[in-house]
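The block underneath contains the structure these notes are about, expressed in structure tokens.
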Number of protein chains: 2
Amino acid sequence: MATMHRIQVTGLQLFYSKGYYNTSVDDILKELNLSKGAFYYHFESKEDFFVQIIQNLMARKVYSTLIEPLEGHENPLNLITACFDNAMETAVHNDMDYGCILHNFIAEFNGKNDVIMQHLNEIVTVWEVNLITALQKGKFNGFLDRHVDCEAVTTFLMSSYFGVRTLMVGSSPSAKKYRFMAQLRQYFKSLEPKAVTT
Amino acid sequence: MATMHRIQVTGLQLFYSKGYYNTSVDDILKELNLSKGAFYYHFESKEDFFVQIIQNLMARKVYSTLIEPLEGHENPLNLITACFDNAMETAVHNDMDYGCILHNFIAEFNGKNDVIMQHLNEIVTVWEVNLITALQKGKFNGFLDRHVDCEAVTTFLMSSYFGVRTLMVGSSPSAKKYRFMAQLRQYFKSLEPKAVTT
DNA sequence: GGTCTAACCGACCATATGGTCTATTCAAAG
DNA sequence: CTTTGAATAGACCATATGGTCGGTTAGACC
């Protein structure tokens, strides 16, 4: 694995677990037994470094766990349910889980660093668009009631997912996941088509 | 206003807007035209300082905006709806909004500082307990269906609230609020008692 | 072998940070 | 008037941090 890539990987790991501002470049280099020279040969600054991590690693991760699973012609409500279930199950079995990566950094940079926020928001938007599209397709295919507001559902879904992932870090993540999923299904049921009065 | 209290107030302001690790003690003192001496006369350390802020200011704020509004014998679903609506409306009209204070710090300290996390979790638990209690009372009074799992609903509510508040910081908070509230009502409708087959 | 250069080393720098400590102010108590 | 002690000032310290820069290594190419 190329050095540049290795630095990014451990960089993301540390930023994720300790926070961006609370992680020094030296921390990352110590972990890799590398020197300052190696780092600043590959990256212009700590910020530039993080932006690259966002584009290279985070974007891909979000895509593979939250967006790709939405593809398919089945009921999008089922796809989303399975997608969330999977993502949360992975978190439950990961004792190094600190919540949704994307969301954590958004919380850390909101109103603090516009450059980074822009890049993070790009990923959020991609997710949002894909969710909306999947729901609209589902509506078209008769899986959702005609009156469902797909944008609103998406906002609600993104919010709740971001939130649980944070709550799950605290205690009994497995219980939290179970409860969350149960209510998600309850909510989804209310989006199904109402009995048609032909 | 006593100096100690003033330091806490501006301290919370800065911690909230810039993050704990990204705000130095000097930043706070500069804002107040105070010296290090004044600070370390009143507080043992930066961490002790923040713990006191949590107990003195944050706990009260969370209580007044998220817990107190739950009191009353009406339908808890309505109380919660009004409570969230109010909290979000305040955020919409605050251009210095950076999301839910409580949640932001939880995100920042999760897995990073156990001492602080303990104090933050205490507040979360109080909120959780009060939500559960309100819902259970509502169930007893026939506002909720018998089969509703109050703990699960609470988890779902806390999650989604934390999440939106973060999303609202990004763009068009008013639209996000509107969409969120609409879906919350939709979800709440599904918790109402089913037609009783006497 | 000689040259070139990407990749990396590590000493160094200016600044910032949490925290300490002595000195000073000032009002109330005696 | 003196004493006392809470409250504040600000110089000082050890350490950490982001970043710079001249030097070294090792392989590719001639």
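Every chain is numbered from 1, with letters handed out A, B, ... down the list of sequences.
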Write down the distance between [atom1] ([X]) and [atom2] ([N]), rounded to a whole number of angstrom.
X       : N      : atom1 : atom2 : value
B/Ile7  : D/dA7  : CD1   : C1'   : 10 Å
A/Glu44 : D/dT20 : CD    : C1'   : 14 Å
A/Asp27 : D/dT15 : CG    : P     : 17 Å
A/Leu29 : D/dA16 : CG    : C1'   : 14 Å
A/Tyr21 : D/dG18 : OH    : P     : 11 Å
A/Lys18 : D/dT17 : NZ    : C1'   : 12 Å
A/Leu32 : C/dA7  : CG    : P     : 16 Å
B/Asp26 : D/dT15 : CG    : C1'   : 15 Å

Take the angle between the ring planes of [X] and [Y] and call it parallel below 30°, perpendicular above 60°, tilted in between.
X        : Y        : value
B/Phe156 : A/Phe180 : tilted
A/Phe49  : A/Phe39  : perpendicular
A/Phe84  : A/Trp127 : tilted

**Message:** For C/dA7 and A/Thr3 - does any side-chain N or O of the residue sit under 4.0 Å from the phosphate oxygens OP1/OP2?
**Reply:**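 A/Thr3 to C/dA7 OP1/OP2: no side-chain N or O under 4.0 Å.
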
Test item: [X] side-chain N/O and [Y] main-chain N/O as donor-acceptor pair under 3.5 Å:
X        : Y       : value
A/Gln8   : A/Asn56 : no
A/Asn104 : A/Tyr98 : yes
B/Glu108 : A/Gly19 : no
A/Asn75  : A/Leu77 : yes

**Asked** Among residues 33-42 of chain B, which contact DNA chain C at a heavy-atom distance under 4.0 Å?
**Response**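 Within this stretch, B/Lys36, B/Tyr40 sit under 4.0 Å of the strand.
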
**Stretch residues 45-56 of chain A: residues that reach within less than 4.0 Å of DNA chain D through a heavy atom** =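 A/Ser45, A/Lys46, in order of number.
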
**Prompt:** side-chain hydrogen bond (donor to acceptor under 3.5 Å, both in side chains) with A/Lys61: which residues, sequence neighbours excluded?
**Reply:**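 Result, side-chain hydrogen bond (donor to acceptor under 3.5 Å, both in side chains) vs A/Lys61: none returned.
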
**Request:** Measure from NZ or CZ of A/Lys46 to the centre of the six-membered ring of A/Phe15 and say whether it is under 6.0 Å with the direction within 45° of the ring axis.
**Result:**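 No; the conditions do not both hold, so A/Lys46 does not lie above the ring face of A/Phe15.
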
